[in-house]
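Data block below; observations after.
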Amino acid sequence: MSIFKSKNTVSSDIFGRLLKSDALFIDREAMRPTYMPGALLHRGKEINDLASVLVVALRGETPSNVFIYGKTGTGKTAVTKFVGKELLKKGKETDKNINFVYINCEIVDTQYRLLQNITNHFINEWSERIPFTGWPTDEVYAKLKQLVDKDGGVTVIILDEVDKLKGDEALYNLSRINNYLEKAKISMVGISNDLKFTEFLDPRVKSSLGEENMIFPPYDAGELQDILKQRVDIALKPGSIDDDVVPLCSALAAQEHGDARRALDLLRISAELAERSESPKITKRFVRLAQNKIEIDRIIEVARTLPTQSKQILLAILLQEKHDNKTGGTGVITTGEAYEIYKGLCKKTRTDALTQRRVADLISELDMLGIITARVISKGRYGRTREIKMSSSSNDIMNILKEDEVFKELTNYKIRGQTRLI
DNA sequence: CTTCCACAGGAAGGTCTGGCGG
DNA sequence: CCGCCAGACCTTCCTGTGGAAG
């Protein structure tokens, strides 16, 4: 008790103050990507197409299997979940036995776990559920058949991110399950953002999964605007956003690939940044900041997961930049220079140095990831090389690199005779 | 104009890991 | 369990090249 009693009451009502600053939001959840709005805008055709395939379920027949393809943020998951919800609702109204199973194959990625998940959908008693491991796969399969048939209804299984599923055995078995069922019917909806995915499938699975194919086109800037406006009305208090913010977010996301998730992220982070700086309004300035923040977060994440050798090369480039900042240098470095510094680092950390050829390839990789910019230039008589510089946020990346075990004992390093502290 | 630097970047082959069918 | 093969990761060796210097 006593430890919570502070001697000098520094600040009495910190949360009160922070709460009061919540002047922008009404319903924060509406800006999250998982939020399901009441109406899905600009996907009327897609909803209709999918519904017209699945509608036969309401007549007790087996719907065709569907394969849905579309880039990220084109509403694939939202549309399928929405149609599924409506299907269940109609099923209840008309007293038809319909099951709707949604599975994300990125999380449930093996045949066993897939079967386990689907089967458990038909088991209400917790104690009777299929365990995570232990049963032979075909026993789970048999149990599924038995339960589904007992249930006797039409089951629609959604396999989101179906390309993440390891092996196509699971798909093959599932696609054949109808042959072994007495009364019940099963159909599948596969969702993927990888169009090439089906090329690698067993042709039998391919033809059965792709009885119907649907392609979700990206949203254009205007459509994204409508989607954002819809969320803004729910999420934000009136007058807390400038008129040009939504068009800007939409335009930026449309430039990418018409990714609605991206547009929403941009808007949400803009709002959060505005809130944090206690601004009464979300303005274009915050969108720019949000865009920057998203990019930096991405780069930091990439840097963190880089292989050690790439980190070491990155560190070499960073050290040169830091050195240049002190001495007023250009901050750019050639492949050869970077390689020399890198070799020195390798000696210090007692790791084997790669060849320059390999390092050059890794540098192009870092360039493609957007961590550095490297362009080929010719210095005439003095050769042809790549000019490398950090693209941004060197300090953040430096901090990430410091976390790595390999650099722990590396506290200083000499660059051209000068000791550089890391 | 030619020369020539300091690499770029292609080709081919080696090594190692991990999955897969028998 | 073993052999096989694909693919990631590297090395070695190589030819090609933009443009300042001569």
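Lettering of chains follows the sequences in order, A, B, ..., and the numbering in each one begins at 1.
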Given protein heavy atoms under 4.0 Å, the one-letter contact record of nucleotides 10-17 of chain B, with B base, S sugar-phosphate only and - none, is simply B-------
Atom CG of A:Leu306 and atom P of C:dC9: how far apart are they, to the nearest Å? 12 Å
Please report the distance, rounded to the nearest Å, between CZ in A:Arg386 and C1' in B:dG9. 9 Å
Check the side chains of A:Ser310 and A:Glu365 for a donor-acceptor pair under 3.5 angstrom, ignoring hydrogens and angles. no
Are more than 12 heavy atoms from other residues, nucleotides or ligands located less than 6.0 Å from atom CZ of A:Arg288? no
Decide, yes or no, whether a salt bridge links A:Glu301 with A:Arg298 under the criterion of side-chain N to carboxylate O below 4.0 Å. no
Measuring only between side-chain heavy atoms, which start at C-beta, is A:Glu223 closer than 4.5 Å to A:Leu41? no
Sugar-phosphate means primed atoms, P, OP1 and OP2; the rest is base. With that split, encode nucleotides 14-22 of chain C 5' to 3' as B, S or - using protein heavy atoms under 4.0 Å. --BBBBBS-
Side chain A:Asn97, main chain A:Gly152, donor-acceptor under 3.5 Å: no
Are side-chain heavy atoms of A:Phe286 and A:Lys281 found at a separation under 4.5 Å? no
When rounded to whole Å, the CD1 to P distance for the pair A:Ile377 and B:dC5 reads 17 Å
Interatomic distance, A:Tyr339 OH vs C:dC10 P [rounded to whole Å]: 13 Å
Heavy-atom check, side chain of A:Met390 versus side chain of A:Leu318, under 4.5 Å: yes
Looking at A:Tyr219, I'd like to know if the NZ or CZ of A:Arg43 sits under 6.0 Å from its six-membered ring centre while staying within 45 degrees of the ring's axis. yes
Quick one, A:Arg262 with A:Asp265, criterion salt bridge (Lys or Arg N to Asp or Glu O under 4.0 Å). Give me CA distance, side-chain angles, the key distance, then yes/no. CA-CA 5 Å; A:Arg262 174 72 190 224; A:Asp265 281 346; over 6 Å; no
I'd like to check A:Thr351 versus A:Thr308 (side-chain heavy atoms, cut-off strictly below 4.5 Å). Are they in contact? no
Apply the test salt bridge (Lys or Arg N to Asp or Glu O under 4.0 Å) to residues A:Arg28 and A:Glu275: give CA-CA distance (whole Å), side-chain angles for both, the deciding distance (0.1 Å), then the verdict. CA-CA 12 Å; A:Arg28 199 176 290 264; A:Glu275 185 185 41; 2.9 Å; yes
OP1 or OP2 of B:dC7 versus the side-chain N and O atoms of A:Thr334: is any pair under 4.0 Å? yes
Does A:Thr355 put a side-chain nitrogen or oxygen below 4.0 Å from OP1 or OP2 of C:dC10? no
Among residues 358-370 of chain A, which residues get a heavy atom nearer than 4.0 Å to DNA chain B? A:Ala360
Please report, rounded to the nearest Å, how far the C1' atom of C:dC10 is from the CD atom of A:Gln356. 15 Å
